[in-house]
Amino acid sequence: MITLQINGQPHDVDVSPDTPLLWALRDALGMTGTKYGCGIAQCGACTVHLDGQAVRSCQLPIGSVGSRAITTIEGVGSTDAGAKIQKAWLDLEVIQCGYCQSGQIMSAAALLAQKASPNDDDIDAAMAGNICRCGTYVRIRAAIKKAAAA
Amino acid sequence: MTRLYWALIATAAVAAVVAAWIIYVPGPTAFASGSTVALNDYKDANPTGVPASLASADLVKRGEYLTRAADCEACHTAKGGIPYAGGLAFKLPFGTMYSPNITPDKETGIGNWTDADFLNAIHKGIAPDGSRLYPAFPYPSYTLLTDDDALAIKAYLFSLAPVRRVTPKNSLMFPFNQRWLMAFWSLFYNSNERYQPHTDQSAEWNRGAYLAEALGHCGECHTPRNLMQAVNNKRKFAGAVTAGWRAYNITQDKTSGIGSWDVEMTEKFLAHGHVEGLGTASGPMGEAVDMSLRHMTPEDIKALVVYLKTVPPIPDTSLPVPKTLLASTFPSDHEVNENARGAMIFAGACEACHGWSGKSPVLKYADFVGGRTVNDPTARNVAQAVIWGVTRHSPDGVVTMPGFGKAYSDEEIAAVVNYVTARFGAEKSNITAEEVRKIGKQASQ
């Protein structure tokens with residue numbers, strides 16, 4: 001049994017330590033807001049925060065998480081940066097099909113928490129690993145800037 | 001006339017001495033001082049066989065340990081194939097060779113081999129039909145194995161399920177396709193002698209030497225070869241390129257070798273293939289750890305390190321002192337502008353696992369910081385990892401980096417490789433697309 005700190009709450013999961021966090025979240029805990037995309041850290045759909053840093057949960061073995069705080073799309077709205085990002089996302093109607101968007105929001109929220117006023121290069125660096133096949137990139141960039149100004 | 005005659009004699013004599021010097025290579029433990037004795041005359045603990053904890057195990061179990069220590073599986077298994085059923089392709093400049101099936105299948109494997117056949121192959125490089133084996137099969141190392149240990153390995157191999165798998169035919173060009181020539185090669189380069197302990201060294205050192213030289217055959221990759229393609233122990237463990245990957249300098253040189261690693265770090269690296277701040281073993285060394293070293297007992301790992309610590313340092317000025325500082329959390333404008341394409345690919349495909357700083361946010365095995373691979377200005381191993389990916393069956397489970405060789409062009413791979421060495425290494429690389437193309441083809445498949 002491994003105890004994970006997710007969105008401020010302890011959760012016990014009974015899976016082997018080499019299980020990626022994404023599987024523990026979705027299959028063991030039923031928290032399906034975090035999406036499975038590629039499984040090889042190439043798309044960003046599974047992004048969560050580990051002590052505030054954006055990480056790909058499909059590549060993160062739960063055995064290496066320890067007591068570090070995990071934040072998922074279900075809990076990011078209770079952080080300052082997360083709330084601003086979610087509001088900007090709604091204001092600008094960023095989402096199209098939506099599949100990648102929990103990952104996009106998690107990466108954007110981590111960026112905003114680290115850099116209050118990110119420039120275009122910062123946004124490129126932080127968001128390049130999050131792919132959107134609907135092509136919402138332009139609105140994503142605008143929403144990050146709007147959230148930073150809020 | 002007489003003067004010319006003597007000049008010719010002198011020239012011939014000098015040429016003979018030079019030729020002899022080029023051809024001659026010292027034995028694998030010749031660097032150690034003191035005299036050697038035959039195993040039977042050695043008074044201290046026996047350096048051969050299995051560790052004490054397995055001494056009373058049955059023959060097959062002992063054979064399993066020794067087979068792992070000799071890492072037979074790494075070469076005798078095709079990529080994704082059945083272990084020991086052979087078929088791994090070695091891409092050499094003069095053609096392609098395939099490792100044979102060594103499961104006990106009677107038609108396509110070694111099921112009909114007698115004990116004498118097996119010893120002949122292991123010690124002399126001679127197949128049961130009398131033909132010569134190529135030294136890609138490291139019989140000049142395995143010749144140091146005792147009969148008992150070799151036959152324990154045979155017993156283990158014969159306990160496996162026979163697999164019917166015909167070994168593909170080698171496609172070597174003349175004269176390399178002439179197996180009989182190996183008889184002359186063996187005259188010079190196969191001692192056909194069992195391991196002889198050094199009486200001046202400790203029992204632990206001798207155990208380490210037996211593990212490194214007879215079983216583990218470290219030098220087959222880590223020691224450069226001479227003109228005759230024999231392991232050149234004049235530059236023992238000074239580093240070489242094998243199967244397209246750079247096997248690094250593992251002498252005790254503090255800058256370019258592993259002399260700055262303490263005993264504990266070295267043990268940990270061998271047993272895990274990763275130490276924080278020293279990077280991760282990948283490619284053939286990753287396989288050596290996963291298939292062989294990590295299955296060895298802590299006492300054997302310790303003995304190996306005791307031995308490695310005595311290997312004389314040989315500096316390699318092409319390798320810088322590894323950079324141990326983390327890079328910044330975000331890329332600086334300067335770096336991005338210098339290699340925009342590399343930065344873009346890194347941001348999209350690499351950063352999620354490796355991180356901008358070189359310390360992975362998800363997996364310790366994906367750390368760059370301090371590793372020799374990113375601190376090698378030839379960038380050969382970074383390129384191989386990008387092209388073919390890395391799969392480690394680590395003590396912490398399976399760790400995989402996908403191969404990008406089919407996803408990105410050679411130009412793109414060169415750009416991202418140069419970005420990685422510039423950002424995380426002590427010296428940036430300038431690998432070209434053409435080099436990436438060539439290097440990728442050299443890897444075993």
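In what follows, chains carry the letters A, B, and so on, assigned in the order in which the sequence lines appear, proteins first and then strands, with residues in each chain numbered from 1. As the structure is a computational prediction, the values presented were derived from the model and not from experiment. FYI, side chains are in, hydrogens and waters are out, and symmetry mates aren't considered; it's all heavy atoms of this structure.
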Greatest number of heavy atom pairs closer than 4.5 Å to chain B - which of C43(A), S107(A), A41(A), A125(A): A125(A)
Leading residue by heavy atom contact count with chain A [cutoff under 4.5 Å; candidates C350(B), A366(B), A349(B)]: A349(B)
Neighbour count above 12 (heavy atom, 6.0 Å) for L92(A) CG: yes
Stepwise side-chain contact (heavy atoms from CB on, under 4.5 Å) check, D124(A) with F330(B): CA-CA 10 Å; D124(A) 286 348; F330(B) 282 100; over 6 Å; no
Smallest separation among heavy atoms of P361(B) and L60(A), with atom names: O-CD1, 4.3 Å
Within 6.0 Å of CG in D80(A), more than 12 heavy atoms from elsewhere: no
Whether over 12 other heavy atoms sit under 6.0 Å from K302(B) NZ: no
Atom CD of E276(B) with >12 non-hydrogen neighbours under 6.0 angstrom: no
Region of Q53(A) that comes under 4.5 Å of a non-hydrogen atom in chain B: side chain
Gap separating the OH atom of Y365(B) from the CD atom of Q59(A), nearest 0.5 angstrom: 14.0 Å
Crowding at NZ, K428(B) (>12 non-hydrogen neighbours, <6.0 Å): no
P61(A) side chain reached by L363(B) side chain, heavy atoms, under 4.5 Å: yes
Which portion of T400(B) sits near chain A, non-hydrogen atoms under 4.5 angstrom: backbone
Gap between atom CG of D121(A) and atom CG of N337(B) - 0.5 Å precision: 7.5 Å
Heavy-atom neighbours of K61(B) NZ exceed 12 at 6.0 Å: no
Heavy atoms of other groups near R133(A) CZ, more than 12 under 6.0 Å: no
Heavy-atom pair with the smallest gap, counting every atom of D18(A) and D396(B): CB-O, 3.8 Å
